[in-house]
Amino acid sequence: MEIEFVRERFIKHFDGTTGSVYASPGRINLIGEHTDYNGGFVFPGAVDKGIIAEIKPNGKDKVCAYSIDLKDYVEFGLKEEDAPKASWARYIFGVCREMIKRGVDVKGFNTAFAGDVPLGAGMSSSAALESTYAYALNDLFGENRIDKFELAKVGQATEHNYCGVNCGIMDQFASVFGKAGNLIRLDCRSLEYQYFPFKPEGYRLVLLDSVVKHELASSAYNKRRKSCENVVAAIKKNHPNVEFLRDCTMDMLNAVKNEVSEEDFKRAEYVIEEIQRVMDVCDALEKNDYETVGQKMYETHYGMSKLYEVSCEELDFLNDIAFDCGVTGSRVMGGGFGGCTINLVKTELYETFITTATQRFKEKFGRTPKIYDVVISDGSRKLC
Ligand code: GLA
């Protein structure tokens with residue numbers, strides 16, 4: 001997406017002047033799903049699709065915001081009671097409020113924004129939006145006093161406090177900290193992170209978007225998180241130092257089998273295994289062992305489908321096709337309940353895989369999946 005596209009609309013929509021332009025990306029995640037809020041590891045990277053926003057302080061005490069893609073215009077004040085109804089505007093409002101809570105003297109501004117992260121595809125379009133505004137407000141009103149981690153937390157708190165999703169830190173972290181050509185392993189408990197150059201020779205990473213959006217995704221997501229907390233509470237009785245599922249072993253989980261629901265047990269089993277898989281994948285990557293990376297991705301898919309139950313028929317189908325086509329690794333990516341599969345495929349198999357997947361998906365579901373080639377890119381930044 002181009003700056004000019006946003007700028008032209010900003011000029012047209014407001015008083016003809018220009019402001020500053022900021023951008024933040026969506027993300028992929030190679031492995032480590034639903035591990036962030038369990039204190040575990042994640043392995044995301046920013047992508048070349050994101051949000052671009054032009055912003056200019058307007059000398060008033062209200063925000064005048066225009067969504068170019070939705071052709072929707074909303075005005076809101078900066079006090080807690082001024083929350084707008086439109087869900088897209090709540091993200092911007094939430095970021096303003098969270099910055100104010102952190103001592104930034106946010107004033108009114110005019111803004112127009114547009115994005116090319118597909119909505120509901122599991123690529124974190126909402127985190128891209130939050131990071132864009134957190135980064136911009138810090139620059140415009142906060143003298144860049146808020147550090148990058150806190151900016152990611154501003155986005156996360158926006159989800160919690162203004163959008164009803166009790167998400168972890170992965171999406172906002174990846175959006176703010178992204179670095180071209182690198183995946184980032186983040187320890188979500190200590191917040192230590194490490195960049196891993198990711199240029200798998202002879203392979204390509206591609207997303208297949210099922211174009212399924214789950215209506216109740218946010219309540220189902222919050223329910224998964226609750227299950228994990230239930231299990232931690234049960235294990236804590238015998239092991240008071242346990243804080244997250246990250247601290248638990250399968251033996252500890254088995255010991256409380258009769259105290260937790262069957263469902264909660266399955267959820268925790270998935271998470272404990274998934275945290276280990278991230279470590280295994282990092283080891284394998286250091287040895288350029290993409291076969292192991294791929295195998296772990298299939299294991300994650302199985303866990304997300306059968307234990308965590310966040311897949312759906314369309315995603316399982318795409319995963320099966322990948323397997324049939326000899327794709328090295330494939331799994332549902334992101335929170336689940338629809339969205340994309342992420343696929344690690346040998347370059348020579350790429351064309352056959354895409355053609356076969358497109359055809360077979362169309363035969364079964366009457367529409368074609370969308371295909372996105374992944375380019376790992378930079379995080380939040382000021383463009384001009
Ligand atoms: C969503 C959340 C993240 C993370 C993933 C699953 O994207 O926003 O915090 O929990 O789901 O890994």
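Ligands are counted one by one from 1 in listed order, and the atoms in each one are counted from 1 as well.
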Subject >> Nearest-neighbour protein heavy atom for atom 5 (C) of ligand 1, which is reported as residue plus atom name and distance >> reply: Met170 CE, 3.8 Å

Original post:
Hey, is Arg27 one of the residues with a heavy atom under 4.0 angstrom from ligand 1?
Top reply: yes

**OP:** Give yes or no for whether the N/O distance cutoff of 3.5 Å, strictly under, is met between Glu33 and ligand 1.
**Re:** yes

Original post:
What residue and heavy atom of the protein are closest to atom 9 (O) of ligand 1, and at what distance?
Top reply: Asp36 OD2, 2.6 Å

Subject >> Protein heavy atom at shortest distance from atom 7 (O) of ligand 1 >> reply: Asp171 OD2, 2.7 Å

Subject >> Which of the ligand 1 atoms, numbered from 1, are nearer than 4.0 Å to a heavy atom of Gly168 >> reply: 9 (O)

Original post:
So which protein heavy atom does atom 6 (C) of ligand 1 come closest to, and at what separation?
Top reply: His34 N, 3.3 Å

**OP:** Look at the rings of His34 and Tyr37 and say which category their plane angle falls in: under 30° parallel, 30 to 60° tilted, over 60° perpendicular.
**Re:** perpendicular

Subject >> Numbered atoms and elements of ligand 1 in range of Tyr37, under 4.0 angstrom, heavy atoms >> reply: 10 (O)

**OP:** Go through the structure and list residues passing side-chain contact (heavy atoms from CB on, under 4.5 Å) with Asp61, not counting sequence neighbours.
**Re:** none

Original post:
Does the distance from a Lys or Arg side-chain N to an Asp or Glu carboxylate O, for Lys296 and Glu299, drop under 4.0 Å?
Top reply: yes

Original post:
Quick one: does Gly334 get within less than 4.0 Å of ligand 1, heavy atoms only?
Top reply: yes

Original post:
Hey, is Glu269 close enough to Lys266 for a salt bridge, meaning N to O under 4.0 Å?
Top reply: no

Original post:
Taking the six-membered ring for Trp, are Tyr195 and Phe177 ring centroids under 6.0 Å apart?
Top reply: no

Original post:
Phe365 vs Phe317 aromatic rings, parallel, tilted or perpendicular, using cut-offs 30° and 60°?
Top reply: perpendicular

Original post:
Just which atoms of ligand 1 are under 4.0 Å from any heavy atom in Tyr221?
Top reply: 1 (C), 2 (C), 3 (C), 4 (C), 9 (O), 10 (O), 11 (O)

Original post:
For ligand 1, which atoms, with element, lie under 4.0 Å from some heavy atom of Cys167?
Top reply: 2 (C), 8 (O), 9 (O)

Original post:
Is any side-chain heavy atom of Tyr135 closer than 4.5 Å to a side-chain heavy atom of Val176?
Top reply: no

**OP:** With sequence neighbours left out, write down each residue that passes side-chain hydrogen bond (donor to acceptor under 3.5 Å, both in side chains) with Glu130, or none if nothing qualifies.
**Re:** Gln172

